[in-house]
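First the proteins, then the strands, lettered A, B, ... as listed; each starts at 1.
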Amino acid sequence: MPHSQLHAKGFVGALIEKLLGASATSKALPDFPELGIELKTIPVRPDGRPRESTFVCTIELADIADSEWETSRVRNKLAEVLWVPIEADPRTILPERRVGTPFLWKLEGAWEKTLRADWEELASLVGRGQTELITAHLGVALQVRPKARDASARRRAFDEDGVAYRELPRGFYLRSSFTEAIIAQQFGRRTRAETSARRTRNG
DNA sequence: GGCTGATCATTA
DNA sequence: TAATGATCAGCC
């Protein structure tokens with residue numbers, strides 16, 4: 001066990017992977033390559049809403065310019081996901097947190113349409129070597145945020161002219177509004193956005 | 001309270 | 001260093 005919860009980021013996710021026998025840990029592949037299924041634990045509040053966004057993968061630096069959504073790492077990772085909700089009140093110590101009902105989810109229909117639109121917008125910026133212009137404000141459901149040891153970390157990258165430079169490593173994340181909708185659909189509940197819209201309509 | 005940018009652990 | 005697993009923390 002980690003010594004404190006501050007140092008336990010990722011511990012529960014890695015634990016569940018080990019328990020379920022995931023084989024592609026630490027690789028740019030779904031956790032269960034033979035099944036094409038990715039395992040994601042998701043921290044939830046008592047009402048089932050996600051507490052945090054969900055990390056998807058790092059950004060494909062060199063090849064994103066001429067890659068397509070169909071073969072992107074984002075789509076490959078999220079094609080089919082086993083979501084495992086985990087009770088995640090920071091005041092509850094790890095051994096006392098409960099595991100919710102896991103469920104399988106496929107990236108299809110409106111889910112895919114939404115992510116694809118975001119990905120194409122973001123990927124075109126990355127492909128032009130303009131990752132420094134990207135902020136987490138972009139993207140309806142998929143966003144790009146730092147993914148590094150700290151703010152001083154840099155990795156080798158190339159701009160649109162092929163000139164090497166060093167940049168802050170970043171990754172793709174799913175906004176919690178998106179995963180909230182996934183969970184709401186699975187368990188037959190309205191999202192907060194839908195509930196407030198309904199309240200407004202009914203005056 | 002939500003969101004963005006920063007940060008922590010582990011493995012290869 | 002860069003991939004994986006994520007959550008923390010402070011500004012709005």
Peer 1: Which residues pass the side-chain contact (heavy atoms from CB on, under 4.5 Å) test with A:T92, sequence neighbours left out?
Peer 2: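 Once residues adjacent in sequence are excluded, the partners of A:T92 under the side-chain contact (heavy atoms from CB on, under 4.5 Å) criterion are A:D89, A:E96, A:R97.
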
Peer 1: Looking across every strand, which nucleic acid part, if any, lies under 4.0 Å from A:G13 by heavy atom: base, sugar-phosphate, or nothing?
Peer 2: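 Result for A:G13 = sugar-phosphate.
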
Peer 1: For DNA chain C, which residues in residues 35-43 of chain A have a heavy atom at a distance below 4.0 Å?
Peer 2: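 Contacting residues: A:E38, A:K40, A:T41, A:P43.
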
Peer 1: Could you list who else is in A:V163's hydrophobic cluster, with ILVMFWY side chains joined at under 4.5 Å, directly or through other members?
Peer 2: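 Besides A:V163, the cluster holds no residue at all.
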
Peer 1: Under 4.0 Å, counting only non-hydrogen atoms across every strand here, what does A:A8 touch: a base, just sugar-phosphate, or nothing?
Peer 2: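 Since no nucleic acid heavy atom lies under 4.0 Å of A:A8, the category is nothing.
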
Peer 1: To the nearest Å, give me how far apart CG (A:L174) and P (B:dG2) are.
Peer 2: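 Those two atoms, CG and P, are 18 Å apart.
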
Peer 1: What is the distance, rounded to the nearest whole Å, between atom CD1 of A:I16 and atom C1' of B:dT10?
Peer 2: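 Spelled out: CD1 on A:I16 to C1' on B:dT10 is 17 Å.
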
Peer 1: Taking salt bridge (Lys or Arg N to Asp or Glu O under 4.0 Å) as the test, write out the residues that go with A:R175, two or more places apart.
Peer 2: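 With neighbours one apart ignored, the set is empty.
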
Peer 1: Where the side chain of A:R73 is concerned, which of B:dA9, B:dG2, C:dA3 is the nearest nucleotide?
Peer 2: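 The nucleotide sitting nearest to the side chain is C:dA3.
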
Peer 1: Write down the distance between CZ (A:R149) and P (C:dT7), rounded to a whole number of angstrom.
Peer 2: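 About 17 Å, once rounded to whole Å.
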
Peer 1: Could you tell me which residues satisfy side-chain contact (heavy atoms from CB on, under 4.5 Å) with A:N76, sequence neighbours excluded, listed by chain and number?
Peer 2: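 Here the qualifying residues are A:P30.
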
Peer 1: Using whole Å, what does the distance between atom C1' of nucleotide C:dT4 and atom CZ of A:F11 come to?
Peer 2: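 Rounding to the nearest Å, CZ of A:F11 and C1' of C:dT4 are 16 Å apart.
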
Peer 1: Can you name the residues that form a ring-ring contact (aromatic ring centres under 6.0 Å, His included) with A:F187, not counting sequence neighbours?
Peer 2: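 With neighbours one apart ignored, the set is A:F103.
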
Peer 1: Between atom CG in A:D47 and atom P in B:dG1, what is the gap in whole Å?
Peer 2: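 One finds 11 Å between P of B:dG1 and CG of A:D47, rounded.
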
Peer 1: Under 4.0 Å, heavy atoms only, any strand: does A:L6 hit a base, just the sugar-phosphate, or nothing?
Peer 2: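 Sugar-phosphate contact only - A:L6 comes under 4.0 Å of backbone atoms but never of a base.
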
Peer 1: Give one of base, sugar-phosphate or nothing for A:K77, where a contact means two heavy atoms less than 4.0 Å apart.
Peer 2: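 Sugar-phosphate, backbone atoms only, no base.
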
Peer 1: Mind listing the side-chain donor-acceptor pairs of residues 50-57 of chain A below 3.5 Å, one per line with the distance, residues two or more places apart or on another chain?
Peer 2:
| residue | atom | partner | partner atom | Å |
| --- | --- | --- | --- | --- |
| A:R51 | NE | A:A88 | O | 3.3 |
| A:S53 | OG | A:R145 | NH1 | 3.1 |
| A:S53 | OG | A:R145 | NH2 | 3.2 |

Peer 1: What residues, two or more places apart in sequence or in another chain, satisfy side-chain contact (heavy atoms from CB on, under 4.5 Å) together with A:E80?
Peer 2: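 If we apply the side-chain contact (heavy atoms from CB on, under 4.5 Å) test to A:E80, skipping adjacent residues, the hits are A:I37, A:L104, A:K106.
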
Peer 1: Measure CD/A:E87 against P/C:dT7 and give the value in whole Å, please.
Peer 2: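 It is 13 Å, rounded to the nearest whole Å.
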
Peer 1: Over the length of the helix from B:dG1-C:dC12 to B:dA12-C:dT1, how much do the five-pair end axes diverge, rounded to 10 degrees?
Peer 2: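 Axis-to-axis angle, ends of the helix: 20°.
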
Peer 1: Got a list of protein N/O to nucleotides 3-6 of chain B N/O distances below 3.5 Å?
Peer 2:
| residue | atom | partner | partner atom | Å |
| --- | --- | --- | --- | --- |
| B:dT4 | OP1 | A:A136 | O | 3.2 |
| B:dT4 | OP1 | A:R175 | NH1 | 3.4 |
| B:dT4 | OP1 | A:R175 | NH2 | 3.4 |
| B:dT4 | OP2 | A:Q143 | NE2 | 3.1 |
| B:dT4 | OP2 | A:R175 | NH1 | 2.7 |
| B:dG5 | OP2 | A:A136 | N | 2.8 |
| B:dG5 | N7 | A:R145 | NE | 2.9 |
| B:dG5 | O6 | A:R145 | NH2 | 3.1 |

Peer 1: Mind checking if A:R170 touches a base, just sugar-phosphate, or nothing, with heavy atoms under 4.0 Å?
Peer 2: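 Counting heavy atoms under 4.0 Å across all strands, no contact is made by A:R170.
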
Peer 1: What's the separation between atom CZ in A:R73 and atom CH2 in A:W119, rounded to the nearest 0.5 Å?
Peer 2: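 Reported value, rounded in 0.5 Å steps: 11.5 Å.
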
Peer 1: Find the distance between CD1 (A:I134) and CG (A:L125) and round it off to the nearest 0.5 Å.
Peer 2: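 One gets 5.0 Å once the value is rounded to the nearest 0.5 Å.
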
Peer 1: Partners of A:L6 by side-chain contact (heavy atoms from CB on, under 4.5 Å), sequence neighbours excluded?
Peer 2: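 If we apply the side-chain contact (heavy atoms from CB on, under 4.5 Å) test to A:L6, skipping adjacent residues, the hits are A:S4.
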
Peer 1: Checking A:E68 now: which residues fulfil salt bridge (Lys or Arg N to Asp or Glu O under 4.0 Å) with it, not counting sequence neighbours?
Peer 2: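 Salt bridge (Lys or Arg N to Asp or Glu O under 4.0 Å) list for A:E68, sorted by chain: empty.
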
